Number of protein chains: 2
Amino acid sequence: MFRIGELANRHGINTDTLRFYEKHGLLQPSARQDNGYRAYNQADDQRLAFILRAKSVGFSLGEIAELLSIEVDKANRVCSDVKELVDEKLVKVSEKIAELERFRQSLQILSDGCCGGPHSAEHCTILQALESFEPDDMQPSYSK
Amino acid sequence: MFRIGELANRHGINTDTLRFYEKHGLLQPSARQDNGYRAYNQADDQRLAFILRAKSVGFSLGEIAELLSIEVDKANRVCSDVKELVDEKLVKVSEKIAELERFRQSLQILSDGCCGGPHSAEHCTILQALESFEPDDMQPSYSK
DNA sequence: CTTGACCTTGGAGTAGACTCTAAGCTTTAT
DNA sequence: ATAAAGCTTAGAGTCTACTCCAAGGTCAAG
């Protein structure tokens, strides 16, 4: 049995985080001591580890709640239930990467076009681009 | 001279967004009509276009405020002031991409290991990984 | 018996970028 | 004349994942 501070410490997180997870239904302590202190057992510890691993691969707390609901009812769930969640997340992450890649390329084009020197910014190509170019003008041209 | 609705319409945004930008110092209407309505002129329109272009390449509103402060004082600023902001953003975006790439690879490994079929989730490799693997186990192994 | 570390609760604050609501005035169209 | 559309304001709500705060109870050490 661990108290909240011990459990938090074992996992390198804050006690507030544990109370936050509890409030959001991710991790209920299995019991309370007579004095009202939260009492976590081995299973709670493992559940927390599950949560933190899921977080480390990018799942949001909402998605983790879904994963947990399958985990606790494994016997009545199938692989495709689980894989579906992973694959949906894979799509979301890939889309976000694609968006950021577009940003990165636009920024790179802006950066490359600017001398970055001590000249007056009045003719700075970056500002000129932001003043009047269309977004398309900041896309890379694969044709050249 | 445009009223708030016209300006919002021309740029495909919400009037609330315009008021929000105003409150946050990004875009002040150059005048007010006698009835109190906001009156935007050509310069305001161009400033808004600048803001939206900067947004489209990934700048946050705070970063855009910095760009605007250089833009309006161009004559006394230099290229390196501008390029610095772009390059800092480039670093932030690249770091975020790197993080998401790690997520993507971990998720891909989880997905690849699972049959995704109608079998009981009791032996699902994804759940097993989240139950007991160390985060490193979900990194790709470049050695193979 | 006091100090300090730990625990409890409810609730507020943070960041970012809006989005919505309420109550009310103005303008435009019928 | 009236209804619909548009404008005003201040302020609240949304989402995510915490993080902090206040006021107070509990427990071990010195």
Side-chain angles (χ1 to χ4, degrees), chain A residues 1-41 44 48 50-68 89 92-93 96 99-100 103, chain B residues 1-41 44 48 50-68 88-89 92-93 95-96 99-100 103:
Chain A
M1 286 293 190
F2 322 109
R3 286 184 310 181
I4 195 168
E6 291 174 77
L7 186 64
N9 242 287
R10 289 164 63 86
H11 292 273
I13 63 175
N14 198 308
T15 56
D16 279 326
T17 301
L18 246 15
R19 291 193 197 92
F20 176 83
Y21 288 169
E22 180 177 340
K23 193 158 53 181
H24 288 73
L26 291 174
L27 180 67
Q28 249 49 51
S30 53
R32 290 282 181 145
Q33 292 176 2
D34 292 346
N35 56 18
Y37 287 13
R38 288 168 178 78
Y40 296 92
N41 64 16
D44 298 331
L48 178 56
F50 182 101
I51 291 168
L52 298 177
R53 283 189 206 100
K55 247 176 69 76
S56 80
V57 298
F59 284 108
S60 71
L61 299 191
E63 291 158 346
I64 293 172
E66 292 188 71
L67 282 170
L68 283 167
K89 185 67 184 179
K92 288 185 208 166
V93 168
K96 190 71 191 171
E99 184 191 9
L100 289 173
F103 288 166
Chain B
M1 286 294 189
F2 322 110
R3 286 185 309 181
I4 195 166
E6 290 174 79
L7 186 65
N9 242 287
R10 288 164 63 84
H11 293 273
I13 63 176
N14 197 310
T15 57
D16 280 325
T17 302
L18 245 15
R19 293 193 196 92
F20 176 82
Y21 287 171
E22 181 177 340
K23 192 160 52 181
H24 288 73
L26 291 173
L27 180 66
Q28 250 48 49
S30 52
R32 289 283 181 145
Q33 293 177 0
D34 292 346
N35 57 18
Y37 286 14
R38 288 168 178 79
Y40 297 92
N41 64 17
D44 298 331
L48 177 57
F50 183 101
I51 292 168
L52 297 178
R53 282 188 207 101
K55 249 176 67 77
S56 81
V57 298
F59 285 109
S60 70
L61 299 190
E63 290 157 347
I64 292 172
E66 292 189 72
L67 284 170
L68 283 167
E88 278 171 23
K89 186 65 185 181
K92 287 185 209 165
V93 169
E95 284 171 355
K96 189 70 191 169
E99 184 192 11
L100 290 173
F103 289 166

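Protein chains get the first letters and strands the later ones, always in sequence-line order, with residue 1 at the start of each. From a predicted model like this one, the values you see are computed outputs, not experimental measurements.
For the pair A:N9 CG and C:dC7 C1', the interatomic distance rounds to 14 Å; values are reported in whole Å. In this structure, OH of A:Y40 is placed 16 Å from P of C:dC6, rounded to the nearest angstrom. One atom, CD1 of B:I64, and another, C1' of C:dA17, lie 11 Å apart when rounded to the nearest Å. Following rounding to the nearest Å, B:I4 (CD1) and C:dT19 (P) show an atom-to-atom distance of 14 Å. Taking atom CD of A:E6 as the reference point, atom P of C:dA5 lies 17 Å away to the nearest angstrom. In this structure, the CG atom of B:N35 is 10 Å from the P atom of D:dC7, given to the nearest Å. Atom P of nucleotide C:dG16 and atom NZ of B:K89 are separated by 10 Å, given to the nearest angstrom. Taking atom CG of residue A:L7 and atom C1' of nucleotide C:dC7, one finds them 14 Å apart after rounding to whole Å.
Counting heavy atoms from C-beta outward, A:K55 and A:L61 have side chains that approach closer than 4.5 Å.
Between B:K55 and B:R3, the residue anchored nearer the 5' end of DNA chain C, judged by the nucleotide with its closest heavy atom, is B:K55.
Taking both residues in full, the closest heavy atoms of A:L67 and A:F50 are given as CB-CE2, 4.1 Å, listed atom of the first, atom of the second, then distance.
Comparing atom distances between the B:Y37 side chain and each of C:dT19, C:dT26, C:dA17 picks out C:dT26 as nearest. Listed nucleotides D:dT26, C:dT8, C:dA17 differ in distance to A:R38; the shortest reach to its side chain belongs to C:dT8.
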Where do B:R53 and B:V57 land on the side chain to side chain contact (heavy atoms under 4.5 Å, CB included) test, with the steps shown first?
-> CA-CA 7 Å; B:R53 282 188 207 101; B:V57 298; over 6 Å; no

Could you check B:N9 against B:F2 for side chain to side chain contact (heavy atoms under 4.5 Å, CB included), going step by step and ending with a plain yes or no?
-> CA-CA 10 Å; B:N9 242 287; B:F2 322 110; over 6 Å; no

Verdict with supporting geometry, A:R19 and A:E22, salt bridge (Lys or Arg N to Asp or Glu O under 4.0 Å) = CA-CA 5 Å; A:R19 291 193 197 92; A:E22 180 177 340; over 6 Å; no

So B:E88 and B:E66, side chain to side chain contact (heavy atoms under 4.5 Å, CB included) or not? Walk me through it.
-> CA-CA 12 Å; B:E88 278 171 23; B:E66 292 189 72; 5.7 Å; no

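Although no hydrogens or angles enter the test, the distance criterion places a donor-acceptor pair under 3.5 Å between the side chain of B:K89 and the main chain of B:G58.
Of the residues in residues 15-34 of chain A, those placing a heavy atom less than 4.0 Å from an atom of DNA chain C are A:R19, A:R32, in numerical order.
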